[in-house]
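One-based numbering, in listed order, for ligands and for the atoms of each. Nothing here was measured: the structure is a model prediction, and the numbers come from that model. Position 1 is the first residue of the sequence, and the numbers go up from there. Below, all heavy atoms of this structure are taken into account, side chains as well, without hydrogens, waters or symmetry copies.
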Amino acid sequence: MKLDSIELLQLRMPLVTPFTTSFGTQTVREPILIRVRCGNLVGWGECVTMAEPLYSSEYDDAAIDVMRRFLAPALLTADNVTARTVSALLEPFKGHRMSKAALEMAVLDLELRTRNQSLADYLGATRTSVPSGVSVGVQDTIDDLVTVVGGYLEAGYARIKIKIRPGWVEEPVAALRREFGSIPLQVDANSAFSLADAALLRRLDDYDLLLIEQPLYDDDIRQHAALQRMLRTPLCLDESIVSARAAADAIALGATRIINIKPGRVGGYLEAVRIHDLARATGVGVWCGGMLETGIGRAANAALAALPGFTLPGDISGSDRFYRQDVTPPVRMHDGVVDVHQGPGLSDEPIPDVLKELTFRTEMIGG
Ligand code: OSB
Ligand code: MG
């Protein structure tokens with residue numbers, strides 16, 4: 001198809017509680033939504049960049065700039081754009097995978113709506129609901145952590161992940177084991193440690209964690225392999241895995257026994273499926289990560305997580321874990337699961353009045 005226009009809408013969405021990781025505290029997310037048009041058909045995508053380049057080098061203003069100046073024009077001038085051709089059309093532009101993923105999502109959504117097909121069906125999902133895990137930020141005190149985690153367990157979440165950072169490692173994990181016994185539990189360091197911390201991280205071997213996520217720097221693939229040789233607990237890479245090629249290298253080096261797949265980080269849902277296929281073929285576990293998505297990316301992630309190689313619960317919580325008001329009808333967690341969107345496209349569409357209320361910036365390209 002030939003696209004008529006690509007619109008960028010930036011929304012301001014306050015978080016229900018501050019979210020603290022090793023790289024900082026977020027109190028609001030300002031997601032960039034993509035609206036593509038072809039005739040009277042519309043497709044929606046979501047860019048998972050954050051305001052600052054702290055999780056990776058990408059960030060909101062850079063995403064808007066690269067989409068406006070380079071990526072969107074490349075798609076608008078192409079004669080035949082489909083989800084399968086987006087990545088090739090954008091390939092000449094280095095990096096900016098989150099922006100590329102967002103545009104591919106919007107084209108895919110439009111295509112699937114035209115065909116009346118769900119993302120789950122298109123990707124080959126084998127489940128109609130997926131286990132729902134929750135990511136818990138660093139808290140001020142151990143008591144606060146126990147209270148917050150207790151609340152999520154009460155609500156029914158199937159797995160707890162806590163953020164760790166220097167000074168917040170063994171004590172929080174020990175407290176949760178003491179308080180809640182053998183709950184499914186894992187930790188995420190967001191690159192906050194170095195190999196010099198190996199002894200500290202090895203102490204976590206006593207707590208039967210599902211995995212330790214991204215303890216070392218993004219491109220420390222060999223160091224992760226070295227660390228894994230010193231640990232019994234499986235390492236899981238997040239930030240390091242930016243493509244199927246990076247995944248193949250990390251697996252070959254023994255740097256990761258489990259992969260956190262985030263479609264935005266790897267350039268889109270199609271690349272995400274390639275990583276899933278590779279992991280499945282090599283016996284590496286897979287789960288779906290999250291980036292505080294709105295209902296658009298959240299529903300799409302649930303569809304991806306319904307593929308057969310997803311062996312562990314994802315960071316796919318209900319919308320209400322982060323937002324009082326989602327831009328789509330909320331994704332709901334019930335009985336420890338999230339149901340997979342069965343309608344056409346990636347997700348429910350944004351609610352027009354809510355979209356209008358939350359949007360503070362728009363850019364129209366073409367059209
Ligand atoms: O490392 O998984 C991460 C949020 C923002 C950036 C990085 C990460 C996270 C999370 C939250 O852990 C996952 C979610 O959306 O529930
Ligand atoms: Mg992570």
Of the N, O or S atoms in [X], the one nearest the Mg ion (ligand 2):
X    : result
D238 : OD2
D188 : OD2
E213 : OE2

Check the angle between the aromatic planes of Y157 and Y152 and answer parallel, tilted or perpendicular using the 30° and 60° thresholds.
perpendicular
Cationic N near anionic O, under 4.0 Å, [X] to [Y]:
X    : Y    : result
R177 : D208 : no
R115 : E111 : yes
E58  : K262 : no
D61  : R361 : yes

Could you go through ligand 1 and list every pair where one of its N or O atoms sits under 3.5 Å from a protein N or O, giving the atom names and the distance to one decimal?
| from | atom 1 | to | atom 2 | distance (Å) |
| --- | --- | --- | --- | --- |
| ligand 1 | 1 (O) | K163 | NZ | 3.0 |
| ligand 1 | 1 (O) | D188 | OD2 | 2.9 |
| ligand 1 | 1 (O) | N190 | ND2 | 2.8 |
| ligand 1 | 1 (O) | D238 | OD2 | 3.1 |
| ligand 1 | 1 (O) | K262 | NZ | 3.4 |
| ligand 1 | 2 (O) | K161 | NZ | 3.0 |
| ligand 1 | 2 (O) | D188 | OD2 | 3.4 |
| ligand 1 | 2 (O) | D238 | OD2 | 3.4 |
| ligand 1 | 2 (O) | K262 | NZ | 3.0 |
| ligand 1 | 12 (O) | S135 | OG | 2.9 |
| ligand 1 | 12 (O) | K161 | NZ | 3.3 |
| ligand 1 | 12 (O) | K163 | NZ | 2.9 |
| ligand 1 | 15 (O) | M291 | N | 3.3 |
| ligand 1 | 15 (O) | L292 | N | 2.8 |

Quick one: does NZ or CZ of R12 land under 6.0 Å from the six-membered ring centre of F360, within 45 degrees of the ring axis?
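Because its charged atom sits under 6.0 Å from the ring centre and within 45° of the axis, R12 does stack over F360.
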Can you tell me which residue pairs pass the side-chain hydrogen bond (donor to acceptor under 3.5 Å, both in side chains) test with a partner in residues 139-148, sequence neighbours excluded?
T141-D144
